Amino acid sequence: DAGITQSPRHKVTETGTPVTLRCHQTENHRYMYWYRQDPGHGLRLIHYSYGVKDTDKGEVSDGYSVSRSKTEDFLLTLESATSSQTSVYFCAISESRAGQLFFGSGTQLSVL
Amino acid sequence: AQTVTQSQPEMSVQEAETVTLSCTYDTSESDYYLFWYKQPPSRQMILVIRQEAYKQQNATENRFSVNFQKAAKSFSLKISDSQLGDAAMYFCAYRLIQGAQKLVFGQGTRLTINP
């Protein structure tokens, strides 16, 4: 398995609180991604990074911000969590031009 | 914008039989990749098979094969000799060859294997 660690694995929080999810990789891959998975929607891209301090928005970026200060770490922050952000969050990495993404194990986030 | 559609939310098949999962996509580009990912109950995303759009030959990986119809923008997955371990959510995905390598996913198909 690709060296990707997501933390925490599970989190329960209250509406209005800030939340930060962490993705750590040991593969030195250039590209990193945050997706959310919801029933009936598959996986939708929130934000992605194509290098240190280089990030861009995906299709569902509202309410989320990201930071990448080191190659190995990609942080996803919910500034003020809402119930609609209850979801499973996946981090992924990619380097090969062959296009395969490698995924972390996911974080189950519940916003009450 | 590119979109991927999986029109079958759920499918079931008898063990040892063959099943085909459907996927269509919409793009104006000519160079891209298509993928099928499997997500078992463990939640892990596992790459099943990959197809380069410039290749006419359909990709195969053991019991898994695809029927890639570029003009029709169709990319179906055939699973032969279905096994209990094949039970999972299956996602079709698309990405451009150039660019940031971000994948666009379909909604998923839940496959059940009946013993």
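Chain letters run A, B, ... following the sequence lines, proteins first, then strands; residues in each count from 1. Predicted model, so just to flag it, every value in this text is computed and none were measured.
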Out of curiosity, does Leu101(A) fall in the hydrophobic cluster containing Val48(B) (side-chain heavy atoms, cut-off under 4.5 Å, transitive links)?
no
Within 6.0 Å of NZ in Lys78(B), more than 12 heavy atoms from elsewhere:
no
Honestly curious: do Phe68(B) and Tyr33(B) fall in one hydrophobic cluster under the side-chain, below-4.5 Å linking rule?
no
Phe35(B) and Val4(B): same hydrophobic cluster, using ILVMFWY side-chain contacts below 4.5 Å?
no
May I ask you to name which of Met89(B), Lys102(B), Gln6(B), Arg43(B) has the most heavy-atom pairs under 4.5 Å with chain A?
Arg43(B)
Output the distance between atom CZ (Arg95(B)) and atom OG (Ser94(A)), rounded to the nearest 0.5 Å.
6.5 Å
Shared ILVMFWY cluster between Leu77(B) and Leu47(B), side chains joined below 4.5 angstrom?
no
By residue number, those in residues 106-115 of chain B with heavy atoms under 4.5 Å from heavy atoms of chain A are Gly106(B), Gln107(B)
Using heavy atoms and a sub-4.5 Å threshold, report which of residues 61-69 of chain A line up against chain B, by residue number.
none
Would Val104(B) and Val66(B) show up in the same hydrophobic cluster when neighbours are defined by side-chain heavy atoms closer than 4.5 Å?
yes
Tabulate, in ascending numerical order, the residues of residues 36-47 of chain A having at least one heavy atom closer than 4.5 Å to a heavy atom of chain B, or enter 'none'.
Gln37(A), Gly40(A), His41(A), Gly42(A), Leu43(A), Leu45(A)
Taking the side chain as everything from C-beta on, heavy atoms only, tell me whether Tyr37(B) gets closer than 4.5 Å to Gln100(A).
yes
Under 4.5 Å from a heavy atom of chain B, the part of Tyr50(A) involved:
neither
Are more than 12 heavy atoms, taken from residues, nucleotides or ligands other than Gln2(B), located less than 6.0 Å from that residue's CD atom?
yes
Shortest non-hydrogen contact from Gln44(B) to Ser105(A)?
OE1-OG, 3.5 Å
Met45(B)/Tyr35(A) under side chain to side chain contact (heavy atoms under 4.5 Å, CB included): CA gap, chis, key distance, verdict
CA-CA 12 Å; Met45(B) 294 289 288; Tyr35(A) 285 87; over 6 Å; no
Only counting residues at least two apart or in another chain, list the ones meeting side chain to side chain donor-acceptor pair (under 3.5 Å) with Ser74(B).
none
Just how far is it from atom CZ of Phe103(A) to atom CG of Leu103(B), taken to the nearest 0.5 Å?
5.5 Å
